[in-house]
Amino acid sequence: MTLDPTRLVIAALVGLAILLLLIIKFKVQAMISILIGALSIGLIAGMPLEEIIRSVDDGIGNTLKGIALLVGLGSMFGAILEVSGGAQSIAVNLVKWFGDKKAAWALGITGLVIAMPVFFDAGLIILIPLAFSLAKKTHRSSLYYVIPLLAGLAVGHAFIPPTPGPVLVSTMLGVDLGWVILVGLACGTVAMIVAGPIWGSICGKKYFVPVPEHVQNAKDFDESKLPKFGTIVTIILIPLVLIIMSSVTGIVEPLKFLNPIFNFLGTPFVALLIATVVAMFLLGVRHGYSMEELEKVMTKSLEPTGLILLVTACGGVLRYILQYSGMGDLIGNAVASMNLPLVILAFIIAALVRICVGSSTVAMTMAAGIVAALPGISELSPLYLACVTAAVAGGSTVCSHFNDSGFWLVKSLVGMDEKTTLKTWTVMETLVGTTGFLVALVISFFA
């Protein structure tokens with residue numbers, strides 16, 4: 001059945017408007033809003049009811065089968081890293097090596113590494129006392145150290161698996177995670193440098209934000225009880241190396257005999273499972289935690305994953321509604337006539353949703369759903385699709401403002417007013433997203 005193109009366009013515009021109105025105006029939960037918006041598109045477009053139901057089933061099933069285990073394992077892995085003091089261990093050791101003068105670089109790198117397995121909010125709360133202690137010690141504005149830390153956390157959260165965002169986008173686009181990690185590291189490293197130490201130095205000189213009073217007299221934690229730096233880094237690298245090796249052994253001729261082994265070990269959920277089990281023993285049991293205590297910590301970490309998975313699944317429904325209705329073909333033809341690279345289109349869509357809704361997860365979900373519905377996606381090279389994934393990550397990071405919970409969390413923890421937060425944090429987020437996108441765009445020219 002061929003649907004009327006004009007009706008399709010109207011349906012898409014009305015459905016997306018309903019979605020945004022529900023979230024922005026009426027504060028309806030994102031999962032419900034996305035689902036209502038997707039169903040509205042199908043009904044207004046005149047899709048057969050059984051086709052709408054099929055879109056819902058395929059959207060939920062095909063989306064969750066790629067990320068459910070990863071989000072769950074990643075949450076447990078991050079929880080072990082958090083309670084063991086692994087995050088502080090990396091930060092403390094890097095600051096020692098870099099020295100006080102270059103401590104901002106150490107905090108940026110720490111944030112980038114820690115945000116891959118640990119959620120942004122948790123990573124910030126764990127590490128911000130170290131940034132404050134450095135500011136107190138050097139008598140500098142806390143922004144000099146906090147901004148690099150925030151930039152690193154934002155980069156790790158948006159660009160580099162196994163954090164849920166890029167895993168979600170890569171699953172919907174059908175791109176190998178090994179390529180996403182490699183491109184994400186390239187984009188994220190440049191973005192962290194620009195938005196972290198460089199922008200942090202500018203902010204630190206321009207805006208003096210003192211260390212909050214409630215941490216002025218806080219005691220330093222006992223560094224002797226922290227796990228070893230080498231152990232933490234090795235454990236974090238396990239899933240990244242295995243996933244990358246799965247991709248490398250598939251294309252490097254002398255290593256192809258290893259491909260069957262690394263195809264299994266580098267399957268994302270297997271790689272993350274191995275890392276989680278290793279972390280349980282090296283960071284848990286060997287540091288005095290009983291298996292019962294670890295079980296409670298890991299189970300507790302799964303509580304926020306339900307919302308992430310459900311919002312993601314509804315994003316998958318939106319994608320299949322657009323695809324099965326034929327809207328993907330219409331958008332694809334429009335993009336082709338504009339000669340607009342897909343990387344740029346992905347960034348623009350994600351950025352617009354981010355600015356309107358505030359949630360980076362919703363921005364990634366909607367942008368990935370629209371892009372994945374375009375014709376010919378499966379024919380693009382893995383490297384190009386990884387660049388598209390990074391572009392979506394960049395667009396979903398820019399312009400954090402009053403409708404983003406991260407804006408208020410940073411404002412409260414750092415002790416800034418709204419105006420200063422806009423001038424520092426919002427600009428930093430925009431630098432992270434835009435720089436990462438530009439690096440992805442450059443890489444895409446070689447794909």
Side-chain angles (χ1 to χ4, degrees), residues 62-78 80-81 86 90 112-118 155-156 158-189 229-283 298 368 372 377-390 393 440 443-444 446-447:
N62 292 338
T63 302
L64 287 185
K65 74 178 182 182
I67 69 162
L69 281 175
L70 293 184
V71 172
L73 287 168
S75 296
M76 291 188 284
F77 181 43
I80 297 171
L81 195 65
I90 290 180
L112 190 153
V113 172
I114 292 304
M116 288 186 275
V118 177
V155 163
F159 288 95
I160 309 168
T163 193
V167 171
L168 152 69
V169 180
S170 62
T171 299
M172 295 180 76
L173 298 182
V175 57
D176 183 18
L177 270 185
W179 289 104
V180 176
I181 291 172
L182 291 172
V183 172
L185 283 170
C187 297
T189 300
F229 176 81
T231 302
I232 302 298
V233 172
T234 300
I235 293 172
I236 290 175
L237 286 177
I238 287 173
L240 301 182
V241 171
L242 289 176
I243 292 170
I244 291 172
M245 285 300 296
S246 175
S247 301
V248 171
T249 55
I251 59 175
V252 178
E253 195 63 39
L255 298 177
K256 281 194 173 180
F257 73 98
L258 294 172
N259 191 239
I261 297 173
F262 280 104
N263 258 350
F264 173 72
L265 296 178
T267 300
F269 84 85
V270 175
L272 202 48
L273 176 62
I274 293 171
T276 303
V277 172
V278 172
M280 285 172 60
F281 286 96
L282 294 185
L283 300 180
M298 295 166 75
I377 284 291
S378 59
E379 299 169 10
L380 297 172
S381 71
L383 178 57
Y384 191 88
L385 286 175
C387 292
V388 174
T389 301
I443 296 174
S444 71
F446 302 95

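Residue V71 comes nearest to P164 through the heavy atom pair CG2-CB, 4.1 Å, listed as atom of the first residue, atom of the second, then distance. Contact between C187 and A390 at its shortest, heavy atoms only, is SG-CB, 3.9 Å. Taking each heavy atom of G74 and L272 in turn, the nearest pair found is N-CD2, 3.5 Å. Between A447 and S381 the shortest heavy-atom distance is CB-OG, 3.8 Å. In terms of heavy atoms, P166 sits closest to P161 at CG-N, 3.7 Å. Residues S246 and F262 come closest through the heavy atom pair CB-O, 3.3 Å.
Atoms CD1 and CD1, from I114 and I90 in turn, are 4.0 Å apart once rounded to the nearest 0.5 Å. Atom CD1 of residue I232 and atom CD1 of residue I236 lie 6.5 Å apart, to the nearest 0.5 angstrom. If you take CE on M76 and CG on L81, they are separated by 14.5 Å, rounding to the nearest 0.5 Å. The CD1 atom of I80 sits 4.0 Å away from atom CE of M298, with the distance rounded to the nearest 0.5 Å. The structure places CG of L242 at 12.0 Å from CG of N263, a figure rounded to the nearest 0.5 Å. Taken from CG in L70 to CG in L64, the straight-line distance is 11.5 Å, to the nearest 0.5 Å.
Residues in residues 267-276 take part in no side chain to side chain donor-acceptor pair (under 3.5 Å) pair, two or more places apart or across chains.
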Atom pairs and distances, donor-acceptor, side-chain atoms in residues 173-183, under 3.5 Å, two or more places apart:
| residue | atom | partner | partner atom | Å |
| --- | --- | --- | --- | --- |
| D176 | OD1 | G178 | N | 3.4 |
| D176 | OD2 | S247 | OG | 2.3 |

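Using modelled atom types, one side-chain atom of S170 and one backbone atom of V167 make a donor-acceptor pair closer than 3.5 Å.
Counting non-hydrogen atoms of neighbouring residues, nucleotides and ligands closer than 6.0 angstrom, the CZ atom of F229 exceeds 12 such neighbours.
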